[in-house]
Amino acid sequence: MNKRFPLLFLVATLVVVGLACNALLPTVETQHPESVTIDQDEIVNRAVATVEARMAETEIETSMPTTEETAVAPDLEQALVSIYRNVNPAVVYIITEHETADLGSGSGFVYDDQGHIVTNNHVVTAGDAFEVVFANGSRRRATLVGTDVDSDLAVIKVGELPAGISPVPLGEFDDVQVGQFAVAIGNPFEQQGSISLGIVSALGRSLRSQRPTEDLGFFSLPEVIQTDAPINPGNSGGPLLNIQGEVIGVNSAIRSVTGFNSGVGFAIPVAAVRRVVPALIVEGTYTYPYLGISTPPFEIDLDTWEDLNLGGYQGVYVTRVTEGGPAEEAGIIPMPDNSPEELEPGGDLIIGIDDQEVREFHDLISYLVFETEVGQTVDLTIVRDGEEMTVPITLGARP
């Protein structure tokens, strides 16, 4: 609707009110002997022009970005420039070879000043020789130090770092938040030293291990970061960084029907880097704590919860315990032996571990992976036959 009409109404109203007030006062002709003609149209036009001008000024003022808003773009730009300048020299291009043939390539980053480089297990697996290319063009031979298929992490080592290269600092996983900026640096499609920007799209995703369990299921890594920062083949093993230039994850996988970026990428959380990498450097492997239970490979709906006589609870339903495993030795009871697609009542429901609430499998596996060690005794809170009880379990080593 034309802004002028409500303005005319407003001004006309003011004029009428003004004239009404003037009627109570001596007229101009009464005060002065000469007759004065008042042009009402001119008054209205001038009033409208004045109000419109003031409204335009107000619109300009309210539409103008604040100092903070105008500072965002330059500040972000400068932060990205700084990140690239500081971190890119420590991001490497890894060429994996086997019997003189190139098997593939990926990315990695310098972990310490001893020459250790973190990358993905799938980047170096099956290789017997590794060539590392630094951002300044320097090339080094590297040896394999350790691998962990369940976290998809690996460590290789060069004999000497080029001069002036510093390790990339690790961030704190507890500080990572959905919506914050996420920066990926790596070598997509063999384009060395590429930087891309996105956000942390979600937390708490799971990354399935490429190693099957004894019952042909799969282990999984919890707390995986989802990001829309463009990640493509060749980015694997490179760092995902916060805006301070600290590693918050290791780029590992994308979910795509084409094999190329579709805005859904995944990074191994820095919490896993902090736990797994030191063990890979010292031992060459990492051993995960282990309960020895199986759970339904699908989400349980409300009707099924009620059929299991667990309608008032939410937790992890035990469908199977591994023979001779920690859970069996502690007396955890699985549901009656039948098809995992046909759940039956009778199994224990895990609702807590060491006073930490367990509402789904992710809660349980996250606590086990990041808060416990092999040989540690934990207290499971379970529901059995409608009653809550606590069962102590000494964790074993994941087979």
Side-chain angles (χ1 to χ4, degrees), residues 83-171 183-195 210 233-241 245-252 267-268 270-287:
I83 288 171
Y84 190 79
R85 182 172 57 245
N86 294 332
V87 176
N88 187 58
V91 177
V92 302
Y93 177 49
I94 301 172
I95 302 170
T96 301
E97 304 171 347
H98 180 66
E99 295 181 353
T100 71
D102 290 349
L103 290 178
S105 61
S107 304
F109 62 92
V110 176
Y111 175 78
D112 60 23
D113 56 10
Q114 304 302 308
H116 292 109
I117 293 170
V118 173
T119 185
N120 283 150
N121 174 75
H122 76 260
V123 169
V124 298
T125 187
D128 56 17
F130 309 96
E131 183 175 347
V132 174
V133 184
F134 290 86
N136 65 3
S138 300
R139 292 174 178 262
R140 300 284 192 275
R141 293 288 183 186
T143 57
L144 185 62
V145 175
T147 61
D148 177 47
V149 65
D150 291 347
S151 66
D152 195 24
L153 289 173
V155 176
I156 60 176
K157 186 178 185 298
V158 296
E160 182 182 8
L161 292 171
I165 292 182
S166 301
V168 186
L170 301 183
V183 180
I185 300 181
N187 310 291
F189 304 112
E190 301 182 358
Q191 301 303 303
Q192 189 170 353
S194 298
I195 184 173
Q210 297 303 303
N235 275 114
S236 293
L240 185 70
L241 308 154
E246 301 168 328
V247 176
I248 59 173
V250 179
N251 299 317
S252 179
I268 300 156
V270 69
V273 176
R274 288 185 178 278
R275 288 182 72 90
V276 174
V277 168
L280 296 185
I281 292 174
V282 175
E283 304 291 341
T285 61
Y286 181 75
T287 304

Report yes if some heavy atom in the side chain of V155 is under 4.5 Å from a heavy atom in the side chain of V277; otherwise report no. yes
State, to 0.1 Å, how close A154 and L280 come at their nearest heavy-atom pair, and which atoms those are. CA-CD1, 4.1 Å
Reported CG-to-OG distance for the pair N187 and S236, which is rounded to 0.5 angstrom: 10.5 Å
Under the side-chain contact (heavy atoms from CB on, under 4.5 Å) test against I248, which residue among L240, V183, V273 passes? L240
When every non-hydrogen atom of V168 is compared with those of A90, the smallest separation belongs to CG2-CB, 3.6 Å
CZ on R140 to CD on E131, rounded to 0.5 Å: 11.0 Å
Non-hydrogen atoms of V133 and Q192 that approach each other most closely: O-NE2, 3.3 Å
Tightest non-hydrogen contact, residues P169 and G245, listed as CG-O, 3.9 Å
Determine the minimum heavy-atom distance between S105 and E190, stating which atoms define it. OG-CG, 4.1 Å
Nearest heavy-atom approach of V110 to D112 is CG1-O, 3.3 Å
Before giving the answer on side chain to side chain contact (heavy atoms under 4.5 Å, CB included), spell out for I117 and V158 the whole-Å C-alpha distance, their side-chain angles and the decisive distance to 0.1 Å. CA-CA 8 Å; I117 293 170; V158 296; 4.0 Å; yes
Any residue meeting ring-ring contact (aromatic ring centres under 6.0 Å, His included) with F130, in chain and number order, not counting sequence neighbours: none
Check the pair V149, T125 against side chain to side chain contact (heavy atoms under 4.5 Å, CB included), reporting the backbone distance first and the verdict last. CA-CA 9 Å; V149 65; T125 187; over 6 Å; no
Between V92 and T119, is there a side-chain heavy-atom distance shorter than 4.5 Å? no
For F189, does its backbone N or O pair with a side-chain atom of Q191 as donor and acceptor, under 3.5 Å? yes
Can you tell me how far the CG atom of N251 sits from the CG atom of N235, to the nearest 0.5 Å? 6.0 Å
Got a donor-acceptor contact below 3.5 angstrom from the S107 side chain to the G237 backbone? no
Pairwise salt bridge (charged side-chain N to carboxylate O under 4.0 Å, His left out) hits with a residue in residues 146-165, at least two apart: D150-R211, D150-R398
Test side chain to side chain contact (heavy atoms under 4.5 Å, CB included) applied to V250 and F109, step by step: CA-CA 9 Å; V250 179; F109 62 92; 3.8 Å; yes
Which distance, rounded to the nearest 0.5 Å, do you find between the OH of Y286 and the CD1 of I281? 14.0 Å
Any donor-acceptor pair under 3.5 Å from T96 side chain to V123 backbone: yes
Just so I know, are the side chains of N121 and L153 near enough to count as touching, which here means a heavy-atom distance under 4.5 Å? no
Taking atom OG of S151 and atom CD1 of I268, what is their separation to the nearest 0.5 Å? 6.0 Å
Looking at side-chain heavy atoms only, is the closest gap between I165 and F134 below 4.5 Å? yes
With sequence neighbours excluded, give me every salt bridge (charged side-chain N to carboxylate O under 4.0 Å, His left out) pair touching residues 272-287. E172-R274
Indicate yes or no for a side-chain donor-acceptor contact from N120 to the backbone of H122 under 3.5 Å, with no hydrogens or angles considered. no
Test item: Y93 side-chain N/O and G234 main-chain N/O as donor-acceptor pair under 3.5 Å: no
Rounded to the nearest 0.5 Å, how far does CZ of R141 lie from CD1 of I156? 12.0 Å
